[in-house]
Amino acid sequence: MKILVIGSGGREHAIVTAVAKSPKADKIYCAPGNAGIAALAECVPIKAMDFEGLVSFAKEKSIDLTIVGMDDPLVGGIVDRFEEEGLKVFGPRKNAAILEGSKAFSKDLMKKYNIPTAGYETFEDYDAAVEYIKGAHLPIVLKADGLALGKGVLICNTLEEALDGARTIMSDRKFGDAGLKMVVEEFMTGREVSVLSFVDGKTIKTMTSSQDYKRAKDGDEGLNTGGMGNFSPTPFYTDEIDAFCQEKIFAPTVAAMASEGRPFVGVIFFGLMLTEDGPKVLEYNARFGDPEAQVVLPRMKNDIVDVFLACIEGRLDEIDLVFEDNGSVCVILASDGYPVSYEKGFPITGLEFFDSADDCYCFHAGTAFDEQGRIVTAGGRVLGVTAVAANVAEARQRAYEAAKHVQFENKYSRSDIAKGI
Ligand code: AMP
Ligand code: GLY
């Protein structure tokens with residue numbers, strides 16, 4: 001088969017790596033890809049939001065299967081566009097990707113179908129939001145309704161912060177149209193767990209659990225980022241919690257989307273918080289997580305292409321999804337200064353270590369080739385070093401050792417990913 005993956009980050013590198021293991025994959029393309037993906041796939045310089053460019057490319061090359069990694073094109077309706085042309089594509093249609101694309105939609109869905117989540121109110125009117133916030137219990141969580149590069153969530157400890165936040169989202173429109181509506185949510189406490197799942201519209205099969213480290217600095221200090229590392233599985237996601245989530249969260253979400261006439265085909269990423277009152281949904285994403293894919297996919301035993309096809313063809317019930325009984329850890333190597341401001345264009349050395357390191361992967365997140373053909377830094381999150389070992393503790397040791405082999409100026413990573421697990 002000829003397979004096209006759409007996206008350019010560590011997640012897409014992990015997807016391409018999994019696809020490359022499939023005997024069904026004869027030729028892999030990635031649009032636009034990055035310097036690491038280029039070792040496994042032919043990268044084509046078409047942007048993920050250039051739907052017409054991607055459709056023409058897929059037709060011209062007779063692509064048999066396209067996999068969309070990123071949220072923006074999914075929410076924008078890329079799957080509908082590919083389907084209109086009779087092209088096989090993995091991911092939710094626009095009317096289902098709204099599960100991630102609108103927080104107000106997802107909160108209303110959870111309320112309607114009794115799926116456990118934090119209490120909330122939605123506002124389209126700034127003054128009404130301000131009035132509500134003045135009488136609300138603190139801390140409080142403000143969420144821009146639409147996609148905001150993972151930055152549209154503000155946790156406010158004081159009234160002043162909350163009023164500032166509401167202004168930022170709704171009045172200053174810092175996140176653009178994502179702030180046309182705002183969800184004001186009750187603050188929850190507990191451990192966070194990510195569960196990714198494959199869905200074919202009616203059946204859901206969950207992948208192994210993982211835990212993400214979102215803050216920039218050790219000890220969960222500093223600003224929120226796209227994720228500084230993670231590990232899988234998490235021991236806090238017990239069989240008992242899993243049984244609860246399968247019955248009260250996962251199956252009901254898929255059934256709810258189907259009843260709403262929005263059958264979901266693709267990956268649902270459940271961001272969960274294990275609260276004192278039981279597991280609750282923090283958020284839904286309509287795609288693999290980044291870096292969740294970098295710890296989960298290396299542990300998956302199945303041929304991923306079989307799973308993608310089963311989802312598209314509505315026969316996921318035939319697939320027995322199996323993960324290795326081991327552990328994995330991913331440490332993100334970032335540019336110092338991320339997520340605020342950082343320099344790019346520094347040459348990266350030591351990558352050849354991974355050519356012969358068994359069970360170690362170096363997923364490229366923000367890299368590019370410079371004019372001399374060298375691999376250089378090209379983003380805030382540069383690389384994700386993942387190790388798979390007998391358990392999380394061993395994987396942690398191996399990931400940090402492997403990460404030492406890679407050098408670039410201003411390299412920064414957290415030193416406490418999976419510490420104590
Ligand atoms: P989200 O993009 O919705 O996952 O939010 C980003 C992060 O904000 C989450 O991973 C949580 O750490 C935090 N968060 C979101 N909603 C809440 C909430 N209701 N209570 C406490 N923390 C939250
Ligand atoms: N790691 C969180 C996300 O992909 O949204």
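Sequential numbering from 1 along the given sequence is applied to the chain's residues. Values below: all heavy atoms of this structure, side chains included; hydrogens, waters and symmetry mates excluded. Numbering of ligands and ligand atoms starts at 1, following listing order.
- Every atom of ligand 1 is numbered from 1 in the order shown, and the set under 4.0 Å from a heavy atom of Glu185 is 16 (N), 17 (C), 18 (C), 19 (N).
- For the pair Arg191 and Phe236, the cation-pi test (distance below 6.0 Å, angle within 45°) is passed.
- The proximity of Asp212 to ligand 1, defined as any non-hydrogen pair under 4.0 Å, does not occur for either the backbone or the side chain.
- Summary of contacts: the protein heavy atom closest to atom 11 (C) of ligand 1 is Glu192 OE2, 3.1 Å.
- Summary of contacts: the protein heavy atom closest to atom 16 (N) of ligand 1 is Lys143 NZ, 3.0 Å.
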Item to check | Working for ring pair (Phe, Tyr, Trp, His ring centres under 6.0 Å), residues Phe57 and Tyr29 | outcome: CA-CA 10 Å; Phe57 177 81; Tyr29 296 94; 5.1 Å; yes
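- The ligand atoms of ligand 1 that sit less than 4.0 angstrom from a heavy atom of Phe187 are 20 (N), 21 (C).
- Using a 4.5 Å heavy-atom threshold, the side chains of Cys245 and Phe270 count as separate.
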Item to check | Working for side chain to side chain donor-acceptor pair (under 3.5 Å), residues Ser102 and Asp145 | outcome: CA-CA 5 Å; Ser102 166; Asp145 177 53; 2.8 Å; yes
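- Phe123 and Tyr132 have their aromatic ring centers within a separation under 6.0 angstrom.
- Among protein heavy atoms, atom 5 (O) of ligand 1 sits closest to Val153 CG2, 3.5 Å.
- Not one N or O on the side chain of Glu12 forms a donor-acceptor pair closer than 3.5 Å with the backbone of Gly7.
- The protein heavy-atom contact nearest to atom 23 (C) of ligand 1 is Leu282 CD2, 3.6 Å.
- Note that the CG atom of Leu65 and the CD1 atom of Ile3 stand 5.0 Å from one another [nearest 0.5 Å].
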Exercise answer, ligand 2 polar atom pairs (N/O) under 3.5 angstrom:
{"from": "ligand 2", "atom 1": "1 (N)", "to": "Asp212", "atom 2": "OD2", "distance (Å)": "2.9"}
{"from": "ligand 2", "atom 1": "1 (N)", "to": "Asp290", "atom 2": "O", "distance (Å)": "3.0"}
{"from": "ligand 2", "atom 1": "1 (N)", "to": "Glu292", "atom 2": "OE1", "distance (Å)": "2.8"}
{"from": "ligand 2", "atom 1": "1 (N)", "to": "Glu292", "atom 2": "OE2", "distance (Å)": "3.3"}
{"from": "ligand 2", "atom 1": "4 (O)", "to": "Arg287", "atom 2": "NH1", "distance (Å)": "3.1"}
{"from": "ligand 2", "atom 1": "4 (O)", "to": "Asp290", "atom 2": "N", "distance (Å)": "2.9"}
{"from": "ligand 2", "atom 1": "4 (O)", "to": "Asp290", "atom 2": "O", "distance (Å)": "3.4"}
{"from": "ligand 2", "atom 1": "5 (O)", "to": "Arg287", "atom 2": "NH2", "distance (Å)": "2.9"}

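- For Lys202 and Phe264, the positive end is not near the middle of the six-membered ring at less than 6.0 Å and at most 45° from its axis.
- In this structure, Lys205 forms no cation-pi arrangement with Phe250, as its terminal cationic atom is not both closer than 6.0 Å to the ring centre and no more than 45° off the ring axis.
- With hydrogens and angles disregarded, a donor-acceptor distance shorter than 3.5 Å links the side chain of Asn34 to the backbone of His364.
- Only side-chain heavy atoms of Lys103 come within less than 4.0 Å of ligand 1; its backbone N, CA, C and O stay farther off.
- Annotation: atom 20 (N) of ligand 1 to nearest protein heavy atom, Met188 N, 2.8 Å.
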